Protein chains: 2
Amino acid sequence: MKKNRDCDLKTCFLCQHAIPEWLSAVAANRRHQAFKKGEMLFREGEPATGIYFLYDGKVKVHKQWGPEKELIIRLAKKGDILGHRGFGSDQRLYPVSATALEDGTYCYVNNAFFEASLKVNPALTYRLMQFYAAELQEAEKKMRNLVHMDVKSRLADALLEISRVYGDKQFTINRQDLASLAGATYETIYRTLQDFTQQGLIEAEGKSITILQEKKLRQLLTAAL
Amino acid sequence: MKKNRDCDLKTCFLCQHAIPEWLSAVAANRRHQAFKKGEMLFREGEPATGIYFLYDGKVKVHKQWGPEKELIIRLAKKGDILGHRGFGSDQRLYPVSATALEDGTYCYVNNAFFEASLKVNPALTYRLMQFYAAELQEAEKKMRNLVHMDVKSRLADALLEISRVYGDKQFTINRQDLASLAGATYETIYRTLQDFTQQGLIEAEGKSITILQEKKLRQLLTAAL
DNA sequence: CGCATTATTGACCCGAATCAAATGAGGTGG
DNA sequence: CCACCTCATTTGATTCGGGTCAATAATGCG
């Protein structure tokens, strides 16, 4: 089985929910593509031409603010969907950018085909709707957190999320991305990270971070409430 | 035509997209209900039993933080959907509360019936999905704004949004809600509002606010960028 | 007419952004 | 191999927006 050319039914959202009659059509219309760390899959403000199914690798979804500032909206991992935010708007521009945090592969289909899929496959539409609903909940929770929690709690939250996405207590991330994820500046994150290290909550050397006391990090979240 | 008992096809999302064969079923399963200003339609953390279609009146959707603090996620008006955030999660608890800002009416159907509707009516599912997508975009934009804009800009944004929802440059809202919408404290909003008034951008007397210079308010947003 | 909210304003404080500078780490070309 | 440049890391000093607290005035309201 050619792993790089064929969709793994277990990981690709589209194939997972494709009706049998459409599997060949899906195969004909999708485009598999490898990408490198740092590469932008799509850019905020560009016309939304299609939708991406992340096959492998981690990707950050972020929104720009001015020339220097950004906010990381979400981290995506294997099996996640990207570019779906273009749907529902009139203009069909990507409202966010997607940048690879590591090498990986995606599966792309253009909007026309994807919409056709949705039309003939209500179950797919239904699942996608659920996916949106879940994302919406996450977004709104994060919204509240950004307003009401201090940086320390937001950083704890960010670390736990990264750990969850990577499926490991140890992971690699640069400080700037960490700052953008927590919604704070580089310097502040640097200091807070140092604080956490001194308290023995985490271990940080270089870009590698290990969570030592997950429980205490979680307490920071609930304590802020 | 009994206005209070029957869904206006033009305003109710559910009826608007119902397939003809189901119109009678919809009629049988929906529950129309009047509500009073200040009444809570549903409460964050409660089991999500169903979905609400706002027939008349304005409703705030908000998320609690601690005993005293809240963040208004969104304002809903005639034709909007409420309680749809319960979908997609495992637990099926409302992740937000909904409180009436004025008297109104809603149309309610329980989850079981609504899900059945979605199953037999792909067009409805598709439209709902688009609705979610639009909400998601809004939420994420707001997220970024809350992080990167100062209070002055956030208040300008909030005022413009209220004006848009109410379809009028003049509207009524209490300061506390305004604060929760802009993600700031009562006092800060009070002062900033005073500032705007002195600059002649708005006129405020009591709970009534009139936008005088919409253009300048918008400039506050783009200027922050 | 007292009591309870809500409005209004001032003073203070603090978290975190900003600014600035020093240090270190890699990469490149001479 | 060294000089040089660029870029990330590290740390200190300073500033400031806005949250918190408190005190008074005003406005209901039973």
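Bear in mind that the values here come from a model prediction, so they are computed numbers and not experimental data. All values below come from the heavy atoms of this structure, side chains included, with hydrogens, waters and symmetry mates left out. Every chain is numbered from 1 and lettered A, B, ... according to where its sequence line falls, protein lines coming before strand lines.
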Problem set entry | Any donor-acceptor N/O pair under 3.5 Å between dG17(D) base and R191(B) side chain | no

Exercise. In whole angstroms, how far is the P atom of dT9(D) from the CD1 atom of I209(A)?
Worked result: 11 Å

Exercise. Would you say dT9(D) has OP1 or OP2 under 4.0 Å from some side-chain N or O of Q176(A)?
Worked result: no

For this session: Please confirm whether H84(B) and F131(B) have ring centers closer than 6.0 angstrom.
Result: yes

Seminar exercise, completed: From CD of E205(A) across to P of dT10(D) the rounded distance in Å is 12 Å

Problem set entry | Modelled atom types, side-chain donor and acceptor of T197(A) and E203(A), under 3.5 Å | no

Exercise. Does NZ or CZ of K58(A) lie under 6.0 Å from the centre of the six-membered ring of Y166(A), at an angle within 45° of the ring axis?
Worked result: yes

Seminar exercise, completed: Winner on side-chain proximity to E187(B), out of dA8(D), dA22(D), dG19(D), is dA22(D)

For this session: For dA8(D), take OP1 and OP2 only and decide whether either is under 4.0 Å from a side-chain N or O of Y186(A).
Result: no

For this session: Grab the CD-P distance between E68(B) and dT20(D) for me, whole Å please.
Result: 11 Å

Exercise. Does the separation of the ring centres of Y55(B) and Y106(B) fall below 6.0 angstrom?
Worked result: no

For this session: Calculate the interatomic distance between L155(B) atom CG and dG18(D) atom P; express it in whole Å.
Result: 11 Å

Exercise. Is R175(B) positioned over the aromatic face of Y186(B), cation under 6.0 angstrom from the ring centre and no more than 45 degrees off axis?
Worked result: no

For this session: Round to the nearest Å and state the distance from L178(A) atom CG to dA8(D) atom P.
Result: 16 Å

For this session: Have a look at R74(B) and tell me which of E161(B), E138(B), E135(B) forms a salt bridge (charged side-chain N to carboxylate O under 4.0 Å, His left out) with it.
Result: E135(B)

Exercise. Does T185(B) place a side-chain N or O at less than 4.0 Å from the phosphate oxygens OP1/OP2 of dG19(D)?
Worked result: yes

For this session: Give K69(A) one of three labels, base, sugar-phosphate or nothing, depending on what nucleic acid heavy atoms sit under 4.0 Å from its own.
Result: sugar-phosphate

For this session: Taking heavy atoms of chain B and a 4.0 Å limit, find me the 5'-most and 3'-most nucleotide of DNA chain C within that range.
Result: dA7(C) to dA11(C)

Seminar exercise, completed: Here the distance between atom P of dG18(D) and atom CG of L146(B), to the nearest Å, is 12 Å

Exercise. Ring pair (Phe, Tyr, Trp, His ring centres under 6.0 Å) with Y108(A): which of F53(A), F114(A), F113(A), Y52(A)?
Worked result: Y52(A)

Exercise. In whole angstroms, how far is the P atom of dT11(D) from the CZ atom of R175(A)?
Worked result: 11 Å

For this session: Whole angstrom is fine here: how far is it from CG in D150(A) over to P in dG18(D)?
Result: 17 Å

